[in-house]
There are 2 protein chains.
Amino acid sequence: MTTARFSPAELLDHLRGLHPELAVFGPAELSGRHPGEHPDNFAGGVMAQPGTTAAAAALVRWCAENGVAVVSQGGLTGLVGGNVSRAGEVILSSARLNRILSIRPDEMTAEVEAGVALEALQQAAARHGLTTGIDLGSRGSATVGGMVSTNAGGILAFRNGVMRHQVLGLEAVLPSGEIFHDMTRVVKVSAGPDLKHLFIGGEGAFGFVTKVVLKLEPLRPHRATAFLGVTDAAAALAVIRHFRGLSGVTLEAAEMMWPRYIRDHAALKTFDLSWLEDGAAALLIELSAETVEAATAALEEGLEALWEPAALRGGIVAQSLDQARKFWDIREDSGFYYTAIPDAASFDISVPPTFLDAYVEGLAARLEAIDASYAAYVYGHVADGNLHITLIKPGPLPEAEQRAVEAAVYSGIREAGGSFSAEHGVGREKRHAYEAFAAPEKQALARVIKQAIDPKGLFNPGKVPF
Amino acid sequence: MTTARFSPAELLDHLRGLHPELAVFGPAELSGRHPGEHPDNFAGGVMAQPGTTAAAAALVRWCAENGVAVVSQGGLTGLVGGNVSRAGEVILSSARLNRILSIRPDEMTAEVEAGVALEALQQAAARHGLTTGIDLGSRGSATVGGMVSTNAGGILAFRNGVMRHQVLGLEAVLPSGEIFHDMTRVVKVSAGPDLKHLFIGGEGAFGFVTKVVLKLEPLRPHRATAFLGVTDAAAALAVIRHFRGLSGVTLEAAEMMWPRYIRDHAALKTFDLSWLEDGAAALLIELSAETVEAATAALEEGLEALWEPAALRGGIVAQSLDQARKFWDIREDSGFYYTAIPDAASFDISVPPTFLDAYVEGLAARLEAIDASYAAYVYGHVADGNLHITLIKPGPLPEAEQRAVEAAVYSGIREAGGSFSAEHGVGREKRHAYEAFAAPEKQALARVIKQAIDPKGLFNPGKVPF
């Protein structure tokens, strides 16, 4: 880590006037704004908001020439400290790159600037009977550029894949200030190395994403939503198989909450759990069909058909949109525990879905082996094997204990073909995990590429280790 | 281009004995084998066939230490000379890396060595009611590794995306001889730069793919197949929209053949075209449903429903599997013209599907402007905008004329958001196109990455220009 070459005041002096479409803010202006999911996001104190790609390039070029580090920021919803800034660094925010450039209904594509929030794009697409193929709880703030940079997954990945599978084209400013422009709108491209995939999931280490072409999907607004009680992930997967096998019905979500999560959150929200057997986990299921009635009928018939074979332990079908929203709130307002257990150690892993039960059982045992009182909230996207895990204990833990908990959480994941980070990225918080659990030769190759593209190490330093 | 450091005989001497699992063949042995789609594939005269990843790594390490270039080969079905070899180079063939390591029905994944042929995997998967999400005409020979290296697309890309969207994990030998091993089996990975995407579509320039984890899809064997007459791509897209909008029915293919292609090929095969109006194009449609009867009924009802709105110009539904196979033969045996017009200039482009008609019309005009007698066979995957184009004139053309034809074919594609190479790659034949039509900054970045990973330029030299 080098010491800052410029004070915030000096940086502001230099940046102001660099480009007419570049807005610049200092510590005084930033102090009044919410830094988002990480308190250190604005610690650098200097933010540049380009209104055009050219303005972003002008800023980056100046930073490259002057050895100033650049930290990219989108909707500030990142959960791994991937956007924290330090003194001497310039925050490069996509906040003014917020135009939806085109929605082409016939092509089912959208061309957007990187700072467009997911929900804003969903609303614009809905006017054409379309929607995005990726959806996630932080849709109101999360930007397309940030979702590209973390290869976001969310609740539809079991069906539509992750962000990488939805991006057709991309533009980014490289650490040199040059612009990489590859805005194809077709799915079939075999025209030399497809380097846009470096920026997807690249967490801002290789470039600052400025524009994206995304595939869109048909909007299926006629939904039915239910909570089911299940013993384990195997039962949830049986439910998923049933609904995915129906014709005329689309499974839109399958979110599982293990017993402690559903109990504690429902208690906090005074959400009625009388339908759920003691000790059971909850599975949130949403279906779409040609009509709400058809979706609801499929859900109710499914509940009946599955009751014995999947050993269901309760079930309730939402009777109104409002009730469905309350169901979703139990799943999506997942930060509820941060008030009770601030700075709790949190994880985001994936394993093949068939390994989920063995993994969760093993995790509980491994945590207990560290401390008999240790337990975790476990919930997530069961159909694609992505779990979110939060230790039920205020943090931060002492270093050694944190490492022990990480070892417990990450144990066996790589061998099972899973990932120590499923959709949140590495950022600053998962650096140790990356170093300990990413394949060494993958880390070595990443360093080679980083050195080639960003030899001065100016883009998002201190995050994914290179 | 450097002159060969070793004669074939010297190379054979060095390679034999490098590793017990490495089979080595010289010019005498290769002369009796078919070189596949390009006559120069075996021109190098020396082929190594590793039986394990370690054997491949041993070979590559020796080549790296001795400055010997390596040309990767799979099923030899490549159409752009991406696998041609020259004296002094070692052919690295995946022929003995041909094991299906696992098929996990519950996960719907397959783990295979790179030399497994697509059809062999399809047959193995079918025993579990599964199939690959990518399918293409050369399935009998094309290997998974080759399909990864060219980011193959084929007939299902409009629904399942391209190879890049189906690969979950990958192992490759790097130009240094090190092994990159990232065999995840989950769709959600956000764990640092996902460098496996360099090898997908990398045409062997960055590594030799040894193993792959692929997603599998449910097998839907109950099919119905029809040929429809259409005026243009717009009509074909209306047909596609209709069938994609039906519930309980899956559109499995939509292959369009413009009038000259269908007429000339049908004449050659004495395939009855009495159902097709003069001057109309043909659209091959295949549906699946719960039963053959349901699929056939959906096709027949669709034909009736679409007859007027899509201005259909004929239609015939296959009455047997044998007849369906004959339909497919007209589309897939697309090399028919090479006998009549050997070495014809051929292209493989993609544009957003809504641009297809304007593109094809403009292409005809641009070709005529070069020479009034010039016309092309045009056919391809209409739902994803991927056209194959063959100039109806024996080749090779004089250099200047070849460049003029290329300019005519590639005109406007980049501006329309398309790609000058959709699924065949760049190889040796599309080098000029890459240099002329790939974005300069993309080419520059590709050179930087190539230099970083393969500083001596030993992997597939003379192909994608770096």
Side-chain angles (χ1 to χ4, degrees), chain A residues 106-107 109 150-151 153 157 161-162 165 169 174 178-195 197-198 201-202 205 213 247-248 290 350-354 384-386 417-426 434 438-439 441-442 445-446 448-449 451-453 464, chain B residues 106-107 109 150-151 153 157 161-162 165 169 174 178-195 197-198 201-202 205 213 247-248 290 350-354 384-386 417-426 434 438-439 441-442 445-446 448-449 451-453 464:
Chain A
D106 286 353
E107 278 181 21
T109 63
T150 52
N151 191 26
V162 293
H165 303 119
L174 302 177
E178 288 169 293
I179 297 164
F180 175 89
H181 183 86
D182 189 6
M183 296 287 278
T184 50
R185 303 201 307 277
V186 289
V187 69
K188 278 190 175 166
V189 176
S190 179
D194 197 350
L195 301 176
H197 288 275
L198 282 175
V213 180
S247 69
E290 299 250 313
S350 58
V351 290
T354 49
D384 51 42
N386 175 198
S419 177
F420 71 87
S421 179
E423 55 178 9
H424 294 169
V426 174
Y434 180 82
E441 67 277 12
K442 191 175 151 184
L445 187 59
V448 165
I449 307 278
Q451 174 67 26
I453 298 182
V464 184
Chain B
D106 287 352
E107 279 183 22
T109 63
T150 52
N151 191 26
V162 293
H165 303 118
L174 302 176
E178 288 168 294
I179 297 164
F180 175 90
H181 184 86
D182 189 6
M183 296 287 279
T184 51
R185 302 201 308 275
V186 291
V187 70
K188 277 189 173 166
V189 176
S190 180
D194 197 350
L195 300 177
H197 288 275
L198 283 175
V213 180
S247 68
E290 299 250 311
S350 58
V351 291
T354 51
D384 52 42
N386 174 198
S419 176
F420 71 87
S421 179
E423 56 179 7
H424 293 168
V426 174
Y434 179 81
E441 67 276 13
K442 191 175 149 185
L445 187 58
V448 166
I449 308 278
Q451 173 66 27
I453 298 182
V464 184

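What you see is a predicted model; the values in this text were computed from it and never measured.
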Return the minimal non-hydrogen interatomic distance between A:Gly192 and B:Tyr434, and the atom names on each side.
-> CA-CE1, 4.0 Å

Between A:Ser190 (side chain) and B:Ser421 (backbone), is there a donor-acceptor pair under 3.5 Å?
-> no

Report yes if the side chains of B:Asp182 and B:Asp194 come closer than 4.5 Å at any heavy-atom pair, otherwise no.
-> yes

Side chain, backbone, both or neither: which part of A:Ala157 has an atom under 4.5 Å from a heavy atom of chain B?
-> both

Looking at B:Ser419, B:Ser247, B:Ala422, which one has more heavy-atom pairs under 4.5 Å with chain A than the rest?
-> B:Ala422

Engaged part of A:His165 at the chain B interface, taking heavy atoms whose separation is under 4.5 Å = both

Below 4.5 Å from any heavy atom of chain B, which atoms of A:Thr354 appear? Answer side chain, backbone, both or neither.
-> side chain

Could you check if a side-chain atom of A:Val186 sits within less than 4.5 angstrom of a side-chain atom of B:Pro352, using non-hydrogen atoms only?
-> yes

Pick from B:Ser350, B:Gly201, B:Gly385, B:Pro353 with the largest number of heavy-atom pairs that fall under 4.5 Å of chain A = B:Ser350

B:Glu178 portion near chain A, given a 4.5 angstrom heavy-atom threshold | neither

Max heavy-atom pair count under 4.5 Å with chain B, selected residue of A:Gly202, A:Gly169, A:Ala205, A:Gly418 = A:Gly418

Among A:Val213, A:Asp106, A:Thr109, which residue forms the greatest number of heavy-atom pairs with chain B at distances under 4.5 Å?
-> A:Asp106

If one checks every heavy atom of A:Pro193 against chain B at 4.5 Å, the contacting part turns out to be both

Given that the side chain runs from C-beta out, which part of A:Val464 has a heavy atom under 4.5 Å from chain B: side chain, backbone, both or neither?
-> side chain

Dump the intermediate steps for side-chain contact (heavy atoms from CB on, under 4.5 Å) on A:Ile449 and B:Ile453, then the final yes or no.
-> CA-CA 8 Å; A:Ile449 307 278; B:Ile453 298 182; 3.7 Å; yes

Inter-residue atom distance B:Glu441.CD - A:Ile179.CD1, 0.5 Å rounding = 8.0 Å

Chain A contact via B:Leu198 - which portion, at a heavy-atom distance below 4.5 Å | side chain

Taking B:Leu174, B:Leu445, B:Val162, B:Val426 one by one, which has the highest count of heavy-atom pairs under 4.5 Å against chain A?
-> B:Leu445

Look at B:Lys188, B:Glu290, B:His424, B:Glu423 and state which one has the largest set of heavy-atom pairs under 4.5 Å with chain A.
-> B:Lys188

B:Phe180 portion near chain A, given a 4.5 angstrom heavy-atom threshold = both

Please flag which part of B:Val351 lies under 4.5 Å from any non-hydrogen atom of chain A: side chain, backbone, both or neither.
-> backbone

